[in-house]
Amino acid sequence: MTVRKDLDIYQKLIITSALALASYPAKSQEAAQMAVAADDEVASDIIVTAQRRSERLQDVPIAVTAVQSETLEATGVDSLFDINLVAPGVKVQQYVGYAVPMIRGVTSKTAVPGQEPPVATYVDGVYMGASSANTSSFNNIARIEVLKGPQGTLFGRNATGGLIQIVTKDPVPTLGGHFNIGYGNYQTLEGDFYVTTPVAENVAADFSFSGRTQGKGYGVNQSTGNDVNKVFHDISLRSKILYAPLDALTIRVSGDYGWSHNNVFGAQRPVPFGVTPPAPYGPAFQSGNPWDIDSDQQPDFKLRGGGVSAKVDYDLGPVSIANIVAYRRTTLAQIFDSDYTAYQGRYALAEGSDEQFSEEFQILSAPGSKLNWTIGAYYYDAMGELSPVGTVTYGTAAVPGGPRPIAGNFTNVRTGTRSLSGYGQATLDVTPQLHLTGGLRYTTEKRTSEANTYRVDAAGTTTPVLTGIDRSLRFEKLTWRFSASYDVSDDAMIYTSYNRGFKSGGYNVQVVTLPPFEPETLDAYEVGAKTQFFDRRLTLNGSLY
């Protein structure tokens with residue numbers, strides 16, 4: 001669960017090693033297509049699964065950015081927060097421990113349990129509903145694909161802004177792997193390793209580890225003398241087992257776990273910097289070190305999370321089927337000085353969790369026909385909880401110079417999402433050059449919210465304030481995608497598309513008395529071209545939207 005600062009640039013010594021990796025023989029429809037592409041003499045061909053089947057990137061009439069593992073390693077991309085280095089128009093910000101992705105300006109600053117961003121993130125086909133779950137580090141990425149614009153007619157969860165798909169490496173039946181160890185200033189020790197090995201006949205497994213720790217923080221809390229902007233530990237574990245008993249059948253079982261503890265989030269100064277907060281707070285801290293703070297409450301942030309999933313791919317000849325079932329859970333605990341000064345005014349705390357279960361089933365037509373189609377069904381059940389979230393305020397001492405009593409206002413809130421959807425998309429080759437695509441999706445979704453608020457006074461007495469808040473909403477929506485593409489030549493294609501995306505409304509978990517917010521519907525129109533020149537040594541793709 002990578003923690004990064006904007007100026008997290010330091011000198012370090014890196015030791016690396018690697019063992020050669022082998023690959024499985026093609027044992028499925030998708031694997032066979034990938035093997036053929038790998039043997040192609042044209043090295044510039046990139047194979048993607050943006051339309052849930054293996055295709056050349058240049059043949060997909062969607063604005064897609066695809067980055068292979070070699071480029072990711074060369075540019076140092078090992079988490080979502082680095083993706084802007086390789087994907088134009090994409091940015092992932094870090095906000096109080098949550099990953100907040102933005103594509104083409106579509107984003108959301110909501111970063112609390114139970115709330116989903118408008119840009120969906122998938123890892124090996126599994127939707128990551130909790131934004132806190134998207135902060136994991138990866139050192140076993142095969143490729144990253146970024147799809148821009150609404151997505152819903154091919155993927156399980158609705159997305160209005162776009163989609164980020166992370167595909168990790170499959171284990172192979174030959175022992176291999178790599179490792180990196182680095183040491184830098186601020187007493188920073190970091191490392192990662194990846195190993196893949198055969199387990200039994202037709203069974204292989206892999207394991208990856210990524211970790212980081214700092215002996216010193218970037219700054220100091222002048223009020224307490226303790227380090228801040230420091231990563232105590234940041235650990236990510238991931239493993240996958242691949243079982244291929246038949247040429248047409250592949251089963252993948254994956255698990256991951258991450259554990260992060262830092263005081264980066266909450267180590268803030270008054271905003272804007274240099275402005276004196278109103279009495280009795282202040283004055284604002286004016287140190288020359290931009291990472292120093294002066295707060296009476298030491299910040300602290302802890303995040304744990306992980307999940308398991310199983311994916312089955314079975315090629316039946318005329319059609320193939322795929323099924324993905326997954327369960328995930330994350331928990332967090334945070335405390336920080338909410339007046340950002342050394343004055344004992346107030347501090348905020350939150351403890352929360354996200355839990356989700358998803359099931360997706362797909363049927364895909366065999367490649368090579370004039371009509372390629374995909375139909376699927378998706379079920380999603382999630383629960384986000386804050387228990388509690390609130391602010392503690394210091395009162396006036398009974399005796400001048402004596403201890404000051406503290407009291408708090410807190411909220412317990414649970415928000416649920418239960419969604420069922422069916423979707424499908426088909427592409428018809430009208431002529432060898434002209435291709436028409438149509439897709440539909442129907443979603444029915446229920447949102448629930450349960451909450452209560454209470455006050456704890458200086459004597460420790462708890463008094464209910466609001467109780468019995470229990471609300472629900474239901475949404476039903478039909479969305480679609482239509483596109484047309486024309487192959488001008490073997491190395492040039494033009495396309496146009498119209499998509500409608502949908503994201504259901506819900507409840508504000510931070511202010512539970514507010515009315516529900518409205519659903520979001522986004523219509524996207526796009527024209528684009530994909531071209532290659534000089535025997536495919538130069539690729540030039542562009543789009544207007």
Side-chain angles (χ1 to χ4, degrees), residues 3 5 94-98 111-113 132 186 214 216-234 260-304 331-353 386-412 453-462 509-511:
V3 177
K5 300 290 288 185
Q94 199 156 220
Y95 182 63
V96 294
Y98 286 71
V112 290
S132 57
Y186 299 99
Q214 285 178 236
K216 294 181 61 178
Y218 294 119
V220 174
N221 185 349
Q222 298 294 331
S223 182
T224 65
N226 297 323
D227 284 3
V228 292
N229 286 302
K230 175 180 176 179
V231 177
F232 297 99
H233 57 257
D234 186 10
S260 181
H261 181 200
N262 68 78
N263 57 21
V264 175
F265 311 120
Q268 303 176 33
R269 303 185 183 198
V271 181
F273 173 67
V275 174
T276 300
Y281 311 113
F285 182 50
Q286 300 278 359
S287 167
N289 183 352
W291 305 120
D292 284 356
I293 65 171
D294 192 13
S295 298
D296 60 284
Q297 174 63 53
Q298 182 76 0
D300 193 63
F301 181 86
K302 297 176 181 178
L303 179 66
R304 295 174 183 261
T331 62
L332 65 88
Q334 181 177 21
I335 187 170
F336 64 95
D337 188 349
S338 56
D339 62 67
Y340 310 114
T341 69
Y343 179 80
Q344 285 190 327
R346 60 180 183 266
Y347 64 88
L349 59 86
E351 295 183 6
S353 65
L386 284 170
S387 180
V389 57
T391 302
V392 176
T393 305
Y394 288 85
T396 303
V399 179
R404 299 171 59 195
I406 58 176
N409 292 288
F410 302 101
T411 299
N412 293 332
T453 66
Y454 58 96
R455 177 176 173 79
V456 180
D457 63 22
T461 303
T462 299
V509 302
Q510 295 172 303
V511 187

Please name the pair of heavy atoms, one in [X] and one in [Y], separated by the smallest distance, quoted to 0.1 Å.
| X | Y | answer |
| --- | --- | --- |
| Ala397 | Pro403 | CB-O, 3.5 Å |
| Asp292 | Gly219 | OD1-CA, 3.2 Å |
| Ala458 | Ala407 | N-CB, 4.0 Å |
| Tyr343 | Arg404 | OH-NH2, 3.3 Å |

Side-chain contact test, heavy atoms from C-beta onward, threshold under 4.5 Å: evaluate it for [X] versus [Y] and give yes or no.
| X | Y | result |
| --- | --- | --- |
| Phe301 | Phe336 | no |
| Thr411 | Gln510 | no |
| Val228 | Gln298 | yes |
| Thr224 | Gln297 | no |

Heavy-atom donor-acceptor pair, [X] side chain to [Y] backbone, under 3.5 Å:
| X | Y | answer |
| --- | --- | --- |
| Asn221 | Asn226 | no |
| Glu351 | Thr331 | no |
| Asp300 | Ile335 | no |
| Asn409 | Arg455 | no |
| Asp296 | Asp337 | no |
| Asn412 | Ser387 | no |

Give, for atom [atom1] of [X] and atom [atom2] of [Y], the distance between the pair rounded to the nearest 0.5 Å.
| X | Y | atom1 | atom2 | result |
| --- | --- | --- | --- | --- |
| Leu349 | Leu386 | CG | CG | 10.5 Å |
| Arg346 | Tyr394 | CZ | OH | 12.5 Å |
| Ile293 | Asn263 | CD1 | CG | 7.5 Å |
| Gln214 | Lys230 | CD | NZ | 8.0 Å |
| Leu332 | Arg304 | CG | CZ | 12.5 Å |

Can you label the angle between the Trp291 ring and the Tyr218 ring as parallel, tilted or perpendicular, going by 30° and 60°?
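Ring orientation, 0 to 90° scale: tilted.
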The single option from Val456, Thr462, Val389 passing side-chain contact (heavy atoms from CB on, under 4.5 Å) against Phe410
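It is Val456; the other options fail the test.
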